[in-house]
Amino acid sequence: MSALREKKSWRALEQYQPEIARQHLRDLFAADPKRADRYRADAAGWKFDYSRHRIDDRTLQHLFALARECGLEARRDAMFAGEKVNTTEQRAALHIALRAPARKVIKVDGVNVVPEVRTVLKRMAEFADAVREGRWLGFNGRPIRNIVNIGIGGSDLGPVMAYEALRHYSDRKLQMRFVSNVDYTDFAEAVRDLRPEETLFIVASKTFTTLETMTNAHSARDWLLAATGGDKAAVAKHFVALSTNEKAVEEFGISTQQMYGFWDWVGGRYSMDSAIGLSTMIALSPDAFHEMLAGFHAMDEHFRTAPLERNLPVIMGLLGVWYTDFFNAETVAVLPYEQYLKRFPAYLQQLTMESNGKHVTVDGAPVDYPTGPIYWGEPGTNGQHSFYQLIHQGTRLIPCDFLGFAQSLNPSGRHHDLLIANVIAQAEALAFGKTLQQVKAEGVNDELAPHRVFEGNRPSSLLLADRLTPAALGSLIALYEHSVFTQATIWNINPFDQWGVELGKQLALRVVDEIESPRKPLNHDSATNATIAWYRKARRKTSTEERASATANAAHRVLAIDIGGSHVKAMLSGNPREVAIKSGRTLTPELMIKQLRPAIRAWKYDAVSIGYPGPLLHERIARDPYNLGKGWVGFDFAKAFGCPVKIINDAAMQALGSYEGGRMLFLGLGTGLGTAFIVDGLIEPMELAHLPYKKGTFEDYVGARGLKKLGKKKWHAHVFDVVEQLRAALEPDYVVLGGGNVRELTELPEGARRGDNHNAFVGGFRLWENEA
Ligand SMILES: O=P(O)(O)OC[C@H]1O[C@](O)(CO)[C@@H](O)[C@@H]1O
């Protein structure tokens with residue numbers, strides 16, 4: 001049995017619980033007319049009414065004894081003193097230093113961190129003012145109007161919640177947006193109506209390595225550079241970084257002058273009042289940000305100094321332990337009756353669940369009691385019309401935290417009275433319910449009556465303040481932070497690490513590699529393998545469709561020409577019709593264009609791609625083709641077509657059209673042997689055909705001459721052998737066999753697939769895709 005369960009106060013609580021469980025809140029209130037006054041505590045502008053909880057004085061005595069037995073005061077003092085209370089990472093957890101007044105001295109490893117905190121805040125304020133006053137200009141001299149915070153977890157939830165909560169005080173000339181999800185939709189929707197020249201990206205990441213954030217930051221940079229014509233100097237005007245990782249910030253291309261730092265002793269979910277709050281400061285003003293910090297600090301001081309019996313975070317934390325461990329309550333609902341707090345439950349989810357979702361104690365022993373409950377919620381009154389039914393009449397016990405303010409920030413008519421009436425009524429209904437007798441007394445018939453009964457006895461806290469201000473928000477957050485800490489201390493777990501998020505991250509990296517290297521063997525369990533296979537298939541299909549439609553929608557209309565030994569074929573992007581003319585030993589470039597012209601007269605294009613059956617040097621034809629006429633080297637195709645022309649080896653063009661990511665080897669089995677190798681989107685020029693093989697070269701055996709000379713059966717065997725040898729040498733993820741003679745193969749080597757000649761056109765269109 002764990003040390004916690006052996007504690008005297010824990011045992012006392014266990015023994016006492018049935019007695020309390022038997023009692024109804026109706027009786028507890030009836031027995032004590034002063035209950036509402038006695039179970040109330042105030043701090044930092046908040047009134048905490050906990051009278052509707054299933055407790056009495058004895059419960060509280062045992063709970064406070066438990067806190068003392070677990071060393072809460074000492075552990076709290078250790079945290080405030082900068083000791084390394086985050087034991088698994090050997091770090092202090094000093095978010096309280098982020099809001100400490102300048103005169104305070106708080107040391108980590110002997111160094112007072114408060115001056116550093118203040119220096120960063122000062123720099124943030126200077127920058128925030130420059131943006132707010134229109135002095136910070138974008139690359140073409142226009143002031144910044146849009147701020148996009150890119151971050152995830154603590155680098156997103158705090159900023160977005162604070163912005164929404166305090167929007168009332170924000171500068172409405174500035175558009176604030178928040179991008180967190182690696183789903184590109186998040187970024188696309190955030191910037192779709194923004195002008196790059198007026199947009200500032202704040203890349204918020206403690207580590208500056210988080211996959212989602214870095215992927216979005218790169219997309220943001222591409223988005224900006226597309227508007228600046230690739231002028232990288234613009235990055236300095238449009239990007240700032242909030243991080244502890246100076247090196248990675250510089251590697252990304254953001255200078256340290258544009259970086260606002262913080263420290264390893266600030267956990268992600270405790271970081272919204274560090275540099276991570278830069279977007280909040282820009283939106284609200286440095287003064288308002290400092291008011292918020294003062295609110296945090298007021299609650300910190302209350303937590304640090306108030307006796308446990310009057311200490312809001314302590315009482316709140318202990319009540320959570322009471323329900324989680326002695327009533328088996330699994331969740332807590334957070335229900336703000338204030339629309340501006342709509343993101344508060346989401347913010348709290350990270351704070352509470354990433355902190356206290358732990359299964360071992362600080363010493364690594366498995367816990368034998370439930371730890372952190374599930375937090376969830378929505379603003380009232382909306383929730384009343386969806387999930388409150390279950391809270392009122394369902395079979396689970398769900399303690400609720402109701403939040404409300406005396407004054408509305410947008411007063412109008414009866415709205416606020418109705419809002420507050422509802423929060424009061426909900427707490428009353430949950431606690432007192434409605435008995436069968438009361439229901440019947442209302443004239444409800446016997447059949448319906450049970451359905452109308454409210455059992456009641458459902459606990460809730462009421463957290464009330466005058467008005468939602470920056471200071472009120474700060475102290476509210478600090479209240480929950482310290483309540484989480486209180487619980488972690490009781491449960492003897494570390495609330496400051498989050499190893500639980502690592503495994504998924506590692507596996508995702510492995511899976512993404514397998515998705516992007518579609519021929520890589522899969523060695524997961526059968527379910528994971530099947531899902532990856534499903535997605536690979538879907539991705540192949542979508543990428544072909546997307547390619548077609550991207551090409552059709554691209555600003556460039558591309559004419560792709562595939563020159564072969566017997567035919568020249570052409571296709572226009574966005575138009576599935578293929579035209580062909582005969583080629584042969586007498587075909588010159590002039591003749592080819594002359595013969596093509598009538599067939600493509602109606603086509604409108606502004607770029608041309610040519611797949612050329614011969615060697616190229618620096619994207620120019622290096623030699624006339626073996627099987628065609630002369631005059632190809634140095635021919636001015638751009639002049640002849642009247643638009644830019646890209647020339648690529650014919651095998652490379654088909655390879656590009658067949659490419660689906662990863663390492664792909666392409667072999668074109670035609671008159672000769674065309675070869676191309678693509679790695680992560682880059683085409684590696686290769687002339688493998690002429691490498692020595694048996695008594696000749698690869699091409700001698702698997703080209704058209706080999707087929708004719710050796711006969712189908714032997715040719716077939718040589719194709720298999722060549723694929724095998726090249727695969728061993730180059731280690732591709734997959735092999736694509738294209739060219740006209742691929743149809744002679746009745747079977748394919750393992751891991752190889754048949755290319756489609758049509759892909760030559762797709763490759764030709766793709767050549768221009770990134771330049772549209
Ligand atoms: O700020 P970062 O380093 O990008 O991390 C973002 C978030 O990722 C986590 O580490 C969990 O994945 C959170 O704790 C953190 O808030």
Side-chain angles (χ1 to χ4, degrees), residues 85-95 98 120 124 148-163 178-183 186-187 201-221 239-252 254 259-280 343-358 372 375 477 480-481 484-485 488 493-512:
V85 291
N86 176 357
T87 45
T88 59
E89 295 178 307
Q90 270 307 297
R91 291 175 186 165
L94 261 186
H95 35 286
L98 298 169
V120 175
M124 286 165 64
V148 182
N149 187 83
I150 299 179
I152 198 162
S155 300
D156 167 69
L157 288 163
V160 72
M161 179 277 290
Y163 169 65
F178 298 85
V179 174
S180 53
N181 201 332
V182 76
D183 183 342
D186 202 9
F187 181 79
F201 290 102
I202 299 180
V203 185
S205 174
K206 178 176 170 181
T207 54
F208 229 72
T209 55
T210 305
L211 180 84
E212 292 88 339
T213 302
M214 297 327 294
T215 307
N216 282 324
H218 280 102
S219 295
R221 194 171 55 182
F239 276 81
V240 294
L242 318 176
S243 185
T244 56
N245 187 346
E246 212 171 286
K247 191 160 164 269
V249 168
E250 276 186 321
E251 274 165 19
F252 179 85
I254 301 177
M259 168 175 164
Y260 298 88
F262 53 112
W263 307 270
D264 72 353
W265 43 262
V266 183
R269 53 196 174 274
Y270 299 90
S271 67
M272 59 166 284
D273 43 0
S274 70
I276 291 294
L278 182 65
S279 61
T280 317
R343 294 290 284 160
F344 189 65
Y347 170 79
L348 268 194
Q349 285 184 323
Q350 189 197 11
L351 176 63
T352 57
M353 289 155 78
E354 204 173 63
S355 296
N356 284 347
K358 305 289 159 67
Y375 275 74
I477 296 164
Y480 275 97
E481 285 175 351
V484 163
F485 177 82
I493 56 177
N494 180 2
F496 300 119
D497 62 12
Q498 58 284 319
W499 301 107
V501 299
E502 292 305 318
L503 178 60
K505 285 188 194 172
Q506 283 161 14
L507 288 178
L509 289 179
R510 177 174 160 198
V511 172
V512 79

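For ligands, and for the atoms within them, numbers begin at 1 and follow the listed sequence. All residue numbers refer to positions in the sequence shown, counting from 1.
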Which atoms from ligand 1 have a heavy atom of [X] less than 4.0 Å away?
X: T210; answer: 2 (P), 3 (O), 4 (O), 5 (O)
X: Q350; answer: 13 (C), 14 (O), 15 (C), 16 (O)
X: G153; answer: 16 (O)

Contact check: T207 vs ligand 1, nitrogen or oxygen atoms, below 3.5 angstrom: yes
NZ or CZ of R221 within 45° of F252 ring axis and under 6.0 Å: yes
Distance flag, aromatic centroids of Y270 and F485, threshold under 6.0 Å: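 No, the ring of F485 stays outside the 6.0 Å limit from the ring of Y270, centre to centre.
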For atom 13 (C) of ligand 1, the option (of E354, M214, Q498) bearing the nearest heavy atom: E354
Heavy-atom nearest neighbour of atom 10 (O) of ligand 1 within options E212, R269, K505: K505
Protein non-hydrogen atom below 4.0 angstrom of atom 8 (O) of ligand 1 present: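 No, there is none.
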Proximity to ligand 1 by part of K206, non-hydrogen separation under 4.0 Å: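 Both backbone and side chain.
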Nearest non-hydrogen partners of D186 and S180, listed with the distance: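 Where D186 meets S180 most closely, the heavy atoms are OD2-N, 2.8 Å.
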Set of ring pair (Phe, Tyr, Trp, His ring centres under 6.0 Å) partners for Y347, sequence neighbours left out: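 For Y347 there are no ring pair (Phe, Tyr, Trp, His ring centres under 6.0 Å) partners, ignoring immediate neighbours.
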Partner set under side-chain contact (heavy atoms from CB on, under 4.5 Å) for S271, not counting sequence neighbours: F262, V266, S274, I276
From I152 atom CD1 to Q350 atom CD, the distance as rounded to the nearest 0.5 Å: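 The CD atom of Q350 is 9.5 Å from CD1 of I152, to the nearest 0.5 Å.
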